[in-house]
Amino acid sequence: MADKIFYEYSGPKNLKEIAEIADAVLVDESKANEQIENICSIESAGREDLCFFYDKKNKDKAKTIKSKACATTEELKHLIPEDVVVLIVKDPKLSFIKLLHAFYREHEHEPKIEDSARISPLAKIGSGCYIGHNVVIEDDVVIGDNSVIEANAFIGRGCQIGNNCKIANNASISYCLMGNDCYIYTGARIGQDGFGFSVVEGKHKRIPQIGRVIIGNDVEVGANACIDRGALDDTIIGDGCRIDNLVQVAHNDKIGKYCILVAQTGIAGSCTFGDYVVCGGQTGFADHLNVGSGAQIGAQSGVMRDIEPGAIVMGTPTVPFKDFMRQVAFLQKNSKK
């Protein structure tokens, strides 16, 4: 259950309203005026709440439902206890998102610039923005309308940030051009030096990094993730990407649209990803690799060669997922001899 201190609660809603919001069919229309206080998990939902049930693999959980109402699918509705009001939804996850937005939202900053912010007179700040305490915005920065820059964030010289973006507290943005509707989480580091060195007379000499980071629209970059700027060419993050906490994207990487990089993924320099690539947690990539659109890489995999579009791979070095499972089965069988 969401804590009403941290989130703005819009108040209870009756089942008729909930059905309209969730694009659901209320099975028993005589219950239309019944009030629902909260959207809760099956485990925590009580007699004033609504829960969701759409997991075919855990059918036995349906017996434990104690909420007033439950949103489920046509296929699973017969499993819901008789004393629970049923709402039928076609897309449970989408309905869940809609109801969460209807019941709760995060506290929003009022448009203003805090006195402690340090903003260059050469920067351009759009209308409706909030600039938090101790923010530093350097020369020639451009920030679009209705964006939020939270406390202690740093926006380096010449950066461009689009409309409706949120840069969370203690994040730093340098050498970056960013689209609209992006969310950069706490402590993320965008545009730092790439890890480029050359051995000169027995010493490691830093290679100047003179590229940028180009971030598309509707991109989220998780807490303490790092995206290095390019050495010569730009580092590119495509529209709609979701980058989890503690991810490393190295210099010159080009990540296609709508990719998902789960926590602790590390991508070495000059890799190119197609669209809709999914990387499980702790996956690692050697440099200069090509990963085709729609590829899926299992958690803790080590990728050392190119991956074809649509491939599903796992292991170190990666192999097709079925081959990986055969290897595991072989080792388990033969290790017992």
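FYI, the numbering just counts along the sequence from 1. Side chains are part of it too, since the values below use all heavy atoms of this structure and drop only hydrogens, waters and symmetry mates. No experiment lies behind these values; they were computed from the predicted model shown.
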Against the six-membered ring of Phe103, is Lys13 placed for a cation-pi contact (under 6.0 Å from the centre, within 45° of the normal)?
yes
Hey, could you give me the CD1/NZ distance between Ile237 and Lys257, rounded to the nearest 0.5 Å?
14.0 Å
Asn152 side chain vs Asn169 backbone, donor-acceptor pair below 3.5 Å
no
Trace of the side chain to side chain contact (heavy atoms under 4.5 Å, CB included) decision for Phe154 with Glu138:
CA-CA 8 Å; Phe154 171 84; Glu138 293 193 330; 3.5 Å; yes
Donor-acceptor contact present, side-chain Asp234 to main-chain Ile236, <3.5 Å:
no
Evaluate the side chain to side chain contact (heavy atoms under 4.5 Å, CB included) criterion for residues Ile173 and Ile184: first the C-alpha distance (whole Å), next the side-chain angles of each, then the deciding distance (0.1 Å), finally the verdict.
CA-CA 9 Å; Ile173 315 291; Ile184 310 301; 4.0 Å; yes
Set out, in order, the CA-CA distance, both residues' side-chain angles and the distance that settles side chain to side chain contact (heavy atoms under 4.5 Å, CB included) for Val303 and Ile297, then state yes or no.
CA-CA 8 Å; Val303 184; Ile297 297 92; 4.0 Å; yes
What heavy-atom pair brings Asn252 and Thr235 nearest, and what distance separates the two atoms?
N-OG1, 2.9 Å
Could you walk me through whether Lys98 and Asp23 satisfy the salt bridge (Lys or Arg N to Asp or Glu O under 4.0 Å) test, starting with their C-alpha distance in whole Å, then the side-chain angles of each, then the deciding distance to 0.1 Å, before giving a yes or no?
CA-CA 9 Å; Lys98 288 180 176 179; Asp23 193 22; 5.2 Å; no
Are Glu114 and Lys112 close enough, and set up right, to give a salt bridge (Lys or Arg N to Asp or Glu O under 4.0 Å), and what steps lead you there?
CA-CA 6 Å; Glu114 300 289 359; Lys112 66 175 180 177; 3.6 Å; yes
For residues Asn38 and Tyr104, is any side-chain donor paired with an opposing acceptor at under 3.5 Å?
yes
What heavy-atom pair brings Thr72 and Phe53 nearest, and what distance separates the two atoms?
OG1-O, 2.7 Å
With side chain to side chain contact (heavy atoms under 4.5 Å, CB included) as the test, would you mind laying out the steps for Val135 and Ile137 before giving the verdict?
CA-CA 7 Å; Val135 166; Ile137 298 177; 3.6 Å; yes
Using modelled atom types only, decide if a donor and an acceptor are shared between the side chain of Thr186 and the backbone of Asn170 within a distance under 3.5 Å.
no
Taking every heavy atom of Lys31 against every heavy atom of Leu26, the minimum-distance pair comes out as C-CD2, 4.2 Å
Keeping His107 on the side-chain end and Ile5 on the backbone end, is there a donor-acceptor pair under 3.5 Å?
yes
In short, Asp49 meets Ser67 closest at the heavy-atom pair O-CB, 3.3 Å
Minimum-distance pair of heavy atoms, taken over all atoms of Val219 and Val221
CG1-CG2, 4.0 Å
Exam field: side chain Lys68 to backbone Gln35, donor-acceptor pair closer than 3.5 Å
yes
Do Tyr185 and Glu220 pair up side chain to side chain, a donor and an acceptor below 3.5 Å, judged on atom types alone?
yes
Using the salt bridge (Lys or Arg N to Asp or Glu O under 4.0 Å) rule, take Glu75 and Lys56 through it: C-alpha gap first, then chi angles, then the decisive distance, then the call.
CA-CA 9 Å; Glu75 179 185 3; Lys56 298 178 184 178; 3.2 Å; yes
Determine yes or no for a side-chain-to-main-chain donor-acceptor pair under 3.5 angstrom, with Ser116 supplying the side chain and Asn134 the backbone.
yes
Kindly indicate whether a cation-pi arrangement holds for Arg229 with Tyr175, taking the cut-offs as under 6.0 Å to the six-membered ring centre and within 45° of the axis.
yes
State, without any angle test, whether Thr265 and Thr283 hold a side-chain donor-acceptor pair at a distance under 3.5 Å.
yes
Cut-off 3.5 Å, side chains only: do Gln264 and Asn245 have a donor facing an acceptor?
no
Pair Lys61, Glu43 - check salt bridge (Lys or Arg N to Asp or Glu O under 4.0 Å), show working.
CA-CA 9 Å; Lys61 269 194 173 183; Glu43 292 80 6; 2.7 Å; yes
With under 30° as parallel and over 60° as perpendicular, where do the rings of Phe52 and Phe96 fit, or are they tilted in between?
perpendicular
Can you check whether Ala250's main-chain N or O pairs, donor with acceptor, with Asp253's side chain at less than 3.5 Å?
yes
Can you spot which of Asp218, Asn180, Asp181 makes a side chain to side chain contact (heavy atoms under 4.5 Å, CB included) with Asn164?
Asp181
Under 3.5 Å, side chain of Ser301 to main-chain N/O of Gly298, donor-acceptor pair present?
yes
What is the minimum heavy-atom distance between Leu261 and Cys279, and which atoms define it?
CD2-SG, 3.7 Å
We want to know whether Asp139 and Ser120 form a side-chain donor-acceptor pair, criterion being a heavy-atom distance below 3.5 angstrom.
yes
Can any side-chain N or O of Ser44 pair as donor or acceptor with the backbone N or O of Cys40 at less than 3.5 Å?
no
